[in-house]
Amino acid sequence: MSFPLLTATAALPAIGAIATAAVPAARRTAAKWLALLVSLATLALAAVVLVRFDPDGDRYQLTESHAWIKDFGVRYELGVDGIGVALVALTALLIPFIILAGWHDADPLETGNKRWRPTQGFFALILGVEAMVIISFEATDVFLFYIFFEAMLIPMYFLIGGFGDRAHAGSDENAATQRSYAAVKFLLYNLVGGLIMLAAVIGLYVVAGNFSLQQIAEARANGTLDMATNTERWLFLGFFFAFAVKAPLWPLHTWLPNAMGEATTPVAVLITAVVDKVGTFAMLRFCLQLFPEASKWATPAILVLSVISIVYGALLAVGQRDIKRLVAYASISHFGFIIMGIFAMTSQGQSGATLYMVNHGISTAVLMLVAGFLISRRGSRLIADYGGVQKVAPVLAGTFLIGGLATLSLPGLAPFVSEFLVLVGTFARYPAIGIIATFGIVLAALYTLVLYQRTMTGPVKPEVSAMPDLRVRELLVVAPLIVLLIFLGVYPKPVTDIVNPAVKSTMSDVHKKDPQPEAEAAK
């Protein structure tokens with residue numbers, strides 16, 4: 001039997017999480033190094049998965065299949081297509097930087113009569129989330145996917161509620177209340193979505209007789225499994241609702257600003273750059289593949305919700321006074337672009353959406369992590385408390401600017417290519433939707449440049465006059481990500497070559513072809 005590479009990629013951080021949690025309380029530094037080394041080893045395994053994946057080969061590769069719960073047709077089935085392998089690589093890439101950025105975020109800190117949770121627990125929870133996200137990208141059994149889709153809520157709840165933003169560490173009761181509220185809101189929203197999805201999963205089993213994604217999709221394609229129209233639509237809505245909460249799509253988005261605002265900066269990056277991608281990924285893998293006709297039926301409504309997310313998120317980002325909440329609302333706008341690209345039902349739109357998931361993860365990580373370094377120095381998340389930072393910390397200001405320019409999709413940086421493909425793909429089939437969505441680009445330039453102007457330029461405020469520039473550890477966090485932003489902005493072909501065959505298969509699932517250009521159609 002060949003080496004179970006996909007299982008190993010998910011199992012390693014899970015085992016690392018247990019080992020990190022078991023490190024004695026007095027050995028905090030050892031726990032940090034163990035977590036970092038495990039994350040780097042996971043990255044090495046993900047690199048092997050990436051190298052062994054053949055874009056021109058079978059749709060699902062490196063597959064594993066074992067009997068699990070025979071009486072209910074549940075199997076332990078794993079496999080990655082081009083979209084899944086790209087997101088596994090993204091997850092494994094970001095976790096070491098998240099750990100390194102949060103090196104001191106869970107150190108013991110006395111706040112009145114309260115004490116922060118153990119350092120070991122913080123890093124163990126991060127590794128636990130990594131394991132669950134990776135296996136979610138690999139699972140080809142619907143029930144197996146559902147288990148880890150829901151299970152990741154538990155460590156995320158404790159990361160948000162148990163380890164709050166250090167900028168609020170001095171206000172014990174109020175900060176604890178806000179953290180608790182954000183964590184509970186996150187959990188309740190996602191649990192409701194998960195319960196609705198569970199009903200749909202059970203319904204799918206009743207109709208199909210098994211949980212295997214590949215078997216169900218093949219049966220749908222060859223006509224041996226014929227779902228009634230209303231049944232398919234209800235099942236689609238059950239799956240889509242859960243994914244839209246996780247994504248997050250307007251109006252199911254309200255948990256995100258609270259969660260990102262109250263979490264530590266590395267955890268905020270974990271939420272929006274890693275965990276939320278499971279929602280958009282699942283729309284491509286499960287909604288479109290299992291329910292192609294229902295997906296086409298729901299497309300107009302989903303596109304409208306996506307455009308609302310784009311404009312609404314950007315407008316609220318413009319009016320924010322809190323740096324972290326501004327980035328959260330910007331992410332809601334960006335997820336609107338991703339979902340719009342998925343349901344534009346064009347190869348350019350879906351390739352752009354997949355590329356956007358990767359690029360958004362990197363660009364948001366840069367912007368949010370540098371913002372976290374800034375906030376940790378001043379002890380405040382309020383934009384008004386800053387000014388003139390570029391004069392005292394030019395490297396910090398420069399990296400902040402690059403992250404901001406990537407967020408507004410400046411040409412030459414990675415998000416530009418993906419956003420351009422999404423807009424082109426949408427405009428080809430839904431020109432009105434594409435035109436309205438372009439306003440999100442204008443608003444992105446507004447909130448990004450205004451943020452930079454108010455925090456980095458102008459007179460130096462006394463509170464930031466002694467602010468230190470980025471330290472070596474912080475440069476090690478942001479420099480590689482900036483290099484990757486520039487590389488993928490100039491040469492995105494390595495990613496598009498991997499995802500395009502999977503996108504072609506997804507387009508075939510929904511029986512859609514790209515619309516011909518008017519000039520070509522007129523010949």
Asker: Could you tell me whether Phe145 atom CZ has more than 12 heavy atoms of other residues or ligands within 6.0 Å of it?
Answerer: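 Yes, enclosed.
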Asker: Side chains of Lys246 and Asn190: does their closest heavy-atom pair fall under 4.5 Å?
Answerer: yes
Asker: Scan Thr91, Val49, Leu87, Val274 and name whichever one has a side-chain contact (heavy atoms from CB on, under 4.5 Å) with Ile134.
Answerer: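 Testing Ile134 for a side-chain contact (heavy atoms from CB on, under 4.5 Å) against Thr91, Val49, Leu87, Val274 leaves exactly one candidate, Thr91.
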Asker: Is a side-chain donor or acceptor of Thr42 paired with a backbone partner of Ala92 at a separation under 3.5 angstrom?
Answerer: no
Asker: Determine whether Val142 and Leu290 make a side-chain contact, defined as any pair of heavy atoms from C-beta on separated by less than 4.5 Å.
Answerer: yes
Asker: Can you check whether Asp81's main-chain N or O pairs, donor with acceptor, with Arg59's side chain at less than 3.5 Å?
Answerer: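 Not a single qualifying donor-acceptor pair exists.
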Asker: Would you confirm whether Asp58, through its side chain, and Tyr60, through its main-chain N or O, come within 3.5 Å as a donor-acceptor pair?
Answerer: no
Asker: Ser331 and Thr272: side-chain donor and acceptor closer than 3.5 Å?
Answerer: yes
Asker: So, Lys324 side chain and Ala263 main chain: donor-acceptor pair closer than 3.5 Å or not?
Answerer: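 Yes, because the side chain of Lys324 sits within donor-acceptor range (under 3.5 Å) of the backbone of Ala263.
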Asker: Check whether Arg325 reaches the backbone of Leu316 with its side chain - one donor and one acceptor, N or O, closer than 3.5 Å.
Answerer: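 Not confirmed, Arg325 side chain does not pair with Leu316 backbone.
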Asker: Is there a donor-acceptor pair under 3.5 Å between the side chain of Glu474 and the backbone N or O of Phe373?
Answerer: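 Not a single qualifying donor-acceptor pair exists.
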Asker: Donor-acceptor pair, Thr506 side chain versus Ala502 backbone, under 3.5 Å?
Answerer: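 Looks like yes, one N/O pair under 3.5 Å.
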Asker: Got a donor-acceptor contact below 3.5 angstrom from the Arg75 side chain to the Phe211 backbone?
Answerer: no
Asker: Verify salt bridge (Lys or Arg N to Asp or Glu O under 4.0 Å) between Lys185 and Glu262, making sure each step is shown before the conclusion.
Answerer: CA-CA 12 Å; Lys185 189 173 184 179; Glu262 298 307 319; over 6 Å; no
Asker: Do the non-hydrogen side-chain atoms of Tyr146 and Ile202 ever get within less than 4.5 Å of each other?
Answerer: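 A side-chain contact under 4.5 Å is absent here.
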Asker: Heavy atoms, side chains only, cut-off 4.5 Å: are Asn258 and Phe186 in contact?
Answerer: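 In short, these two side chains do not touch, never coming nearer than 4.5 Å.
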Asker: If we ignore hydrogens and angles and just use 3.5 Å, is the side chain of Trp250 paired with the main-chain N or O of Gly336 as donor and acceptor?
Answerer: no
Asker: Measuring from Leu382:CG to Arg378:CZ, what's the distance to the nearest 0.5 Å?
Answerer: 8.5 Å
Asker: Can you tell which of Phe243, Phe240, Phe337 makes a ring pair (Phe, Tyr, Trp, His ring centres under 6.0 Å) with Phe343?
Answerer: Phe240
Asker: Atom CH2 of Trp103 and atom CZ of Arg473: how far apart are they, to the nearest 0.5 Å?
Answerer: 8.5 Å
Asker: Side-chain contact test, heavy atoms from C-beta onward, threshold under 4.5 Å: evaluate it for Val245 versus Val192 and give yes or no.
Answerer: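 Sidechains of Val192 and Val245: no contact.
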Asker: Hey, are Ser39 and Glu130 close enough side-chain-wise for a donor-acceptor pair under 3.5 Å?
Answerer: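 Distance-only check fails for Glu130 and Ser39.
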Asker: Could you check if a side-chain atom of Leu144 sits within less than 4.5 angstrom of a side-chain atom of Tyr76, using non-hydrogen atoms only?
Answerer: yes
Asker: Determine yes or no for a side-chain-to-main-chain donor-acceptor pair under 3.5 angstrom, with His334 supplying the side chain and Thr407 the backbone.
Answerer: yes
Asker: Can you confirm whether Trp33 is buried at CH2, in the sense that more than 12 heavy atoms of other residues, nucleotides or ligands lie under 6.0 Å from that atom?
Answerer: no
Asker: Any side-chain heavy-atom pair from Val201 and Phe239 closer than 4.5 angstrom?
Answerer: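 Val201 vs Phe239: side chains touch.
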Asker: Side chains of Leu252 and Phe241: closer than 4.5 Å at any heavy-atom pair?
Answerer: yes
